[in-house]
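Keep in mind that the numbers below use all heavy atoms, side chains included, and drop hydrogens, waters and symmetry copies. All ligand and atom numbering here is 1-based and tracks the order in the structure. Given the structure is predicted, the values throughout are model-derived calculations rather than measurements.
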Amino acid sequence: MSRNPRPLVFIISAPSGTGKTTLIHRAMARDPRLAFSISHTTRPPREGETHGRDYYFVSREAFRKMIEEDAFIEWANVYGEYYGTSRKEISRLHRLGKDVVLDIDVQGATQVMEKLARDTWVSIFILPPDLETLRHRLVTRGKDSPEAIEKRLKAATDEMGYAPKYDYQIVNDDLERATRELLYIFAREREKTEA
Ligand code: ADP
Ligand code: 5GP
């Protein structure tokens, strides 16, 4: 297994329903140097999601205990549920010598940007083509209740206000084009660390 000489952390955010998970899965299938950071969450699993692959699904009590123990590098309340990246998960991935992909919201991303050294992370914000398309994607995904979809849409405009703070912005219009753009960013940023 190849080890990256200086592993990077790729912080990726997007309003829910933009297609971030789809894009990350596609990019990871083509780029063996990436490893996905599995977050802890108190939200219930969606159909098809697996504990220990998509998330570590935990109770609110367990999550609270982890906050008290300072087990998270970042955590946030997103759409009424708790989400966090454990320090243990980051060290596990660093030991593998892979570049780490963090799929986290704008609050968590801000915390990571403040905590990690500037030359160790790269931030990427994925935008939907427009809000109507975002609504359509949330509805056709068919995995959130109408109330959950409304919460996500309401938050989307505020979240998009953070996009200029990220190093890169990608519009997820055509999936293949957006996947290539993401892979190009990974390759370009690695080249910089290896120069
Ligand atoms: P997120 O992780 O950002 O919440 P998902 O990856 O679950 O979003 O994608 C939301 C829905 O939109 C899914 O049904 C997915 O298949 C669809 N989707 C993702 N990217 C595109 C795209 N470029 N064009 C059309 N549909 C897309
Ligand atoms: P979903 O419930 O749709 O999987 O994710 C909802 C939101 O929570 C997304 O914006 C996603 O990026 C974010 N998220 C997932 N894991 C984490 C995490 O560990 N920390 C933070 N801050 N946000 C997360």
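The distance criterion of under 3.5 Å between nitrogen or oxygen atoms is not met by Ala14 with respect to ligand 1.
Contacts between Arg152 and ligand 2, counted as non-hydrogen atom pairs separated by less than 4.0 Å, involve the side chain only. At a heavy-atom distance under 4.0 Å, atoms from both the backbone and the side chain of Ser16 approach ligand 1. With a heavy-atom cut-off of 4.0 Å, Asp173 touches ligand 1 through its backbone alone. The residue Glu89 has no part lying near ligand 2, judged by heavy-atom distances below 4.0 Å. Within the 4.0 Å heavy-atom criterion, the part of Arg43 lying near ligand 2 is the side chain and not the backbone. When non-hydrogen atoms are compared, ligand 2 lies under 4.0 Å from neither the backbone nor the side chain of His40.
Nearest protein heavy-atom contact of atom 10 (C) of ligand 1 is Gly17 O, 3.6 Å. Among all non-hydrogen protein atoms, the one lying nearest atom 18 (N) of ligand 1 is Arg137 CD, 4.0 Å.
Residues Arg188 and Tyr168 have side chains that bring a donor and an acceptor to within less than 3.5 angstrom of each other. Under the 3.5 Å distance criterion, with hydrogens and angles disregarded, no donor-acceptor pair is assigned to the side chains of Gln107 and Tyr162. No donor-acceptor contact under 3.5 angstrom links the side chains of Ser37 and Glu89, judged on distance only. Using modelled atom types and a 3.5 Å distance limit, the side chains of Arg6 and Thr193 yield no donor-acceptor pair. For the residue pair Thr41 and Tyr56, no side-chain donor N or O sits within less than 3.5 Å of a side-chain acceptor on the partner.
Residue-ligand proximity, Gly108 to ligand 2, at heavy-atom distances under 4.0 Å covers atoms 22 (N). The distance from ligand 1 to the heavy atoms of Leu175 drops below 4.0 Å at these ligand atoms: 20 (N), 23 (N). Of all the atoms in ligand 2, the ones that sit under 4.0 Å from a non-hydrogen atom of Ser16 are 3 (O). Remark: ligand 1 atoms within the under-4.0 Å shell around heavy atoms of Thr21 are 1 (P), 2 (O), 6 (O).
Glu61 has no carboxylate O lying under 4.0 Å from a charged side-chain N of Lys65, or vice versa, which leaves the two without a salt bridge. Salt bridge annotation for Glu176-Arg30: present, with a cationic side-chain nitrogen under 4.0 angstrom from a carboxylate oxygen.
The shortest distance between side-chain heavy atoms of Val122 and Val9 does not fall below 4.5 Å.
Nearest to atom 20 (N) of ligand 1 by heavy atom, out of Thr179, Val139, Thr22, Asn172, is Asn172. Across Ile11, Ile38, Asp103, heavy-atom proximity to atom 14 (N) of ligand 2 is greatest for Asp103.
Residues Phe63 and Phe72 bring their aromatic ring centres within 6.0 Å.
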